[in-house]
Amino acid sequence: MRSIKVQVILWGAQRLSALVLALCVLVHLATIIYAVRSGLTAAHIVSRLHQSSLWTVFYSLFVLAIAIHAPIGLRTVVAEWGYQGRIIDGLLGTIALALVVGGFRALFALQGLA
Amino acid sequence: MSELTVRIWRGLEAENGEFQDYKVPRLESQTVLDVVTYVQRRVDASLSYRFACRVGVCGSCAMSVNGVSRWTCRTHVSKVAKDGLLEIAPLRNLPVIKDLVTDMSVFFDKWAKARGQFQGEHTRHEAFAQVKPDSKARKNVDAAIECIGCGVCYSSCEVVSWNADYLGPAALSRAWTLVNDVRDVAQKERLQAVAGDAGCQACHTHITCTERCPKGISPTAGIAGLKRAVLNASLKGEL
Ligand code: FES
């Protein structure tokens, strides 16, 4: 059981990240719909994203919002199933970390930064 | 005279209860409470249930009728009976004492936990506080003040059924009326009491409480207000 303060911060962070996600998902979907009009090839995707600082910022934000939003949401779901505590929180922290690492790895690869 | 088939939950907490069928004459303008009273007075005197005012004031007669929590004294049979069948059970989310009687202590303990008590600082020797009837805070109070504590919202709330610690709609709605009471001096403690995973933050906004409240109160709106107040307080470092 975390302190009330932490519980409220987690709740606030989830709301805020939801706001960011709503925007990101819209832009992401619109881009997909736009991009597949003339067929979809790996070369196209890479050429659009490669070394574009705008997309780097956008997808960095997207990855971070996911990494914040998903574990907190999972924490609520798991708590309602009756599981709480340090082990759960550790597990969720690991999931957050995995989302950050996985997300940025994919992003860096596409950007040609790694 | 037509008849109603009434299935009533019978049993003690410790044992496993079961539904028993009764035949009750169907009368005009009959309420669900009338039906239960008929069974207890004419068919089986051992049936336990609660009521007092019979006019929607005391909040003691709430039961689950055909799966939905309602105040039975103000619920007409014609509104709820499906094909002449009524299924009457004790309120959900509360321990059963016997038959239709639940133990409501948890429910009321949570009101106290949510700091549902008014705490002023004036004595009778001071002048009355002046509260503008059309101020926003006073209107917020008005919107939720008529709660009769029947427990219908609490027994309808899905979050309560998943999270036994959750304070629930009635207690939080009560706290919201006090958060809007400009005379109250325990605001910080109250926000601390209603914040977090067992408090307003746990609400999923399913709105079942608001849909079922017989008094037309929206605990959902109050809880949303609490969420805002708690967030503001925590941003200001007052939590
Ligand atoms: S008996 Fe008082 S509210 Fe129903």
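Quick caveat, the model's predicted, so the values are computed rather than measured. First the proteins, then the strands, lettered A, B, ... as listed; each starts at 1.
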For the [atom1] atom on [X], are there more than 12 heavy atoms of other groups (residues, nucleotides or ligands in this structure) within a distance under 6.0 Å?
| X | atom1 | value |
| --- | --- | --- |
| Ile87(A) | CD1 | no |
| Phe108(B) | CZ | yes |
| Glu126(B) | CD | yes |
| His204(B) | NE2 | yes |

Val8(A) and Gly196(B): which non-hydrogen atoms are nearest, and at how many Å? CG2-N, 4.1 Å
So which atom in Gly12(A) and which in Leu231(B) form the shortest heavy-atom distance, rounded to 0.1 Å? CA-CD1, 4.3 Å
Measuring from Glu80(A):CD to Glu158(B):CD, what's the distance to the nearest 0.5 Å?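 Going from the CD atom of Glu80(A) to the CD atom of Glu158(B) covers 10.5 Å.
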Minimum side-chain heavy-atom gap Gln84(A)-Asn163(B) below 4.5 Å: no
Run the numbers on Gln201(B) and Thr76(A) for side-chain contact (heavy atoms from CB on, under 4.5 Å), then give the verdict. CA-CA 10 Å; Gln201(B) 263 74 36; Thr76(A) 306; over 6 Å; no
